[in-house]
**Student:** 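Once you've had a glance at the structure underneath, I'll fire off some questions.
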Amino acid sequence: MFKKKLVGVLVASTFTFASAVQSADLNSVLTQALSQDPDVLEAANVRMSRIQEIDQAKAGYRPTIDLNAGYGYEYSDSPSTRDRLEGAPWNEDHGTEELHRGEFGLTLRQTLFDGKYTDNDVELQQARTDSATSRLYAVADDISLDIVKAYLDVIYQREVLMLSEENLQVHQRIQDQIRLRSDAGVGRRADLDQINARVALVEANLSASKVNVQDALTTYKRRTGVEPEETLEPVPSVKESLPAEVEEAIELGKAENQVLRQAGFDIE
């Protein structure tokens, strides 16, 4: 279903997508990103050109009509005109001839048998089209994988940042309590030094989390072309759709892997 939707989006006449609306669910993000990714669009254009070449090959089944017409002045001075006209009393040009030529022709051709050349050419172009289609899917699969990784990474890094901020707040509360005990003379100085060191470590981890979030946002924008929403919808689990056995996964890969399918069509 996704691949049919992908082709439907990419073979649109304008190859454009409304970028003003940014969706927060993975399916819409993928659709928008793939519809404007230059590598996907390039593969889609190649596929469309291959489809047109099928029609070109099928032209061998159809009749052809050739029309030719001509009119113009013609002056001839050659051995044949001199031999034919020499000695004529009205020929003052000594064997030259002037004509006003006019011609018209209409030719209709229909191939009856061409040694299966047209049949084989159509099959060739169909295989090339299938190869281009598989390449389009393969490119879309690779880019989709990068987008899914970027999408999940943004969710993950944001959650880590939120936990880091909560962790800092907890440590700061403990730090305040120990400082109060230390100022009141009922706490040990070592406890205060220890919590200060832990707060400094948590602050460093928080700074690292902020950097990781920015890296995730940058990767997301590079892959999708837009900034992520403040809230991204969680991705449904794919556990139930995964093959239960390794052998089943291998067979599924052989049947559905678009790079292998493209190679098969290239051989054909």
Side-chain angles (χ1 to χ4, degrees), residues 1-12 15 17 23-58 60-61 116-157 216 219-225 228 232-268:
M1 179 61 68
F2 169 71
K3 288 183 171 64
K4 291 182 179 178
K5 184 177 181 181
L6 171 64
V7 173
V9 171
L10 295 178
V11 300
F15 286 106
F17 194 91
S23 178
D25 64 276
L26 180 59
N27 186 54
S28 297
V29 169
L30 283 172
T31 302
Q32 178 177 354
L34 292 176
S35 67
Q36 56 192 10
D37 186 273
D39 293 332
V40 176
L41 294 180
E42 184 269 340
N45 280 320
V46 171
R47 176 181 179 272
M48 291 184 65
S49 66
R50 295 289 185 267
I51 293 176
Q52 299 301 318
E53 289 173 359
I54 295 178
D55 293 335
Q56 293 178 7
K58 289 181 178 179
Y61 295 124
K116 289 189 175 296
Y117 174 84
T118 302
D119 293 339
N120 291 326
D121 193 25
V122 171
E123 292 181 3
L124 167 65
Q125 301 306 332
Q126 182 61 58
R128 296 181 72 220
T129 300
D130 293 338
S131 174
T133 301
S134 295
R135 179 178 178 272
L136 170 61
Y137 291 157
V139 172
D141 284 344
D142 291 340
I143 295 175
S144 296
L145 179 60
D146 292 339
I147 294 174
V148 171
K149 289 179 179 179
Y151 187 96
L152 293 175
D153 195 38
V154 170
I155 295 177
Y156 171 74
Q157 296 298 342
T219 302
Y220 182 95
K221 185 175 182 180
R222 178 172 59 84
R223 295 311 311 168
T224 65
L232 297 180
E233 296 293 333
V235 178
S237 174
V238 296
K239 182 178 180 180
E240 295 183 357
S241 62
L242 294 177
E245 302 292 339
V246 175
E247 291 76 12
E248 183 181 353
I250 293 175
E251 293 301 322
L252 181 63
K254 290 180 179 179
E256 298 295 333
N257 186 282
Q258 297 301 323
V259 176
L260 293 179
R261 291 173 63 87
Q262 179 185 359
F265 290 126
D266 288 340
I267 293 174
E268 184 178 348

**Student:** How many angstroms lie between CZ in Arg50 and OG1 in Thr133, if you round to the nearest 0.5 Å?
**Tutor:** 10.5 Å
**Student:** Please table the atom pairs, donor to acceptor, closer than 3.5 Å between any side-chain atom in residues 261-268 and protein atoms at least two apart or in another chain.
**Tutor:**
{"residue": "Asp266", "atom": "OD1", "partner": "Ser131", "partner atom": "OG", "Å": "2.6"}

**Student:** Donor-acceptor pair, distance only, cut-off 3.5 Å: does the side chain of Gln258 make one with the backbone of Glu256?
**Tutor:** yes
**Student:** Give the minimum heavy-atom separation between Ala216 and Val154, together with the two atoms involved.
**Tutor:** O-CG2, 3.6 Å
**Student:** Side-chain contact, heavy-atom cut-off 4.5 Å: Ser144 with Leu34?
**Tutor:** yes
**Student:** Please name the pair of heavy atoms, one in Leu41 and one in Ser35, separated by the smallest distance, quoted to 0.1 Å.
**Tutor:** CD2-O, 3.4 Å
**Student:** To the nearest 0.5 Å, what is the distance between CG on Leu136 and CG on Asp141?
**Tutor:** 9.5 Å
**Student:** Quick one: CG on Asp142 to CG on Asp39, what's the gap to the nearest 0.5 Å?
**Tutor:** 10.0 Å
**Student:** For the residue pair Ile250 and Glu247, establish whether any side-chain heavy-atom pair is separated by less than 4.5 Å.
**Tutor:** no
**Student:** Looking at Gln125 and Gln52, would you say the former's side chain and the latter's main chain have a donor-acceptor pair under 3.5 Å?
**Tutor:** no
**Student:** Taking distance alone, no hydrogens or angles, what donor-acceptor pairs closer than 3.5 Å link side-chain atoms of residues 237-245 to residues at least two apart or in another chain?
**Tutor:**
{"residue": "Ser237", "atom": "OG", "partner": "Lys239", "partner atom": "N", "Å": "3.2"}
{"residue": "Ser241", "atom": "OG", "partner": "Val238", "partner atom": "O", "Å": "2.8"}

**Student:** Got a donor-acceptor contact below 3.5 angstrom from the Asn120 side chain to the Lys116 backbone?
**Tutor:** yes
**Student:** For the residue pair Val46 and Ala132, what are the closest heavy atoms and their distance?
**Tutor:** CG1-CB, 4.3 Å
**Student:** Quick one: CG on Asp25 to OH on Tyr151, what's the gap to the nearest 0.5 Å?
**Tutor:** 6.0 Å
**Student:** From Glu123 CD over to Ile54 CD1, what is the distance, rounded to the nearest 0.5 angstrom?
**Tutor:** 11.5 Å
**Student:** Would you name the heavy atoms of Leu260 and Lys254 that are closest together and state the gap between them?
**Tutor:** CD1-CA, 4.0 Å
**Student:** Just wondering, are more than 12 heavy atoms of other shown residues or ligands nearer than 6.0 Å to OH in Tyr61?
**Tutor:** yes
**Student:** Return the OG1 to CG distance between Thr118 and Leu124, rounded to the nearest 0.5 Å.
**Tutor:** 12.0 Å
**Student:** Taking all non-hydrogen atoms of both residues into account, name the closest pair between Val40 and Ala140 and its distance.
**Tutor:** CG2-CA, 4.3 Å
**Student:** Measure across Ala57 and Asp121 and return the closest heavy-atom pair with its distance rounded to 0.1 Å.
**Tutor:** CB-OD2, 3.5 Å
**Student:** According to salt bridge (charged side-chain N to carboxylate O under 4.0 Å, His left out), does anything in residues 125-137 pair up with another residue at least two apart or in another chain? List the pairs.
**Tutor:** Glu42-Arg135, Glu53-Arg128
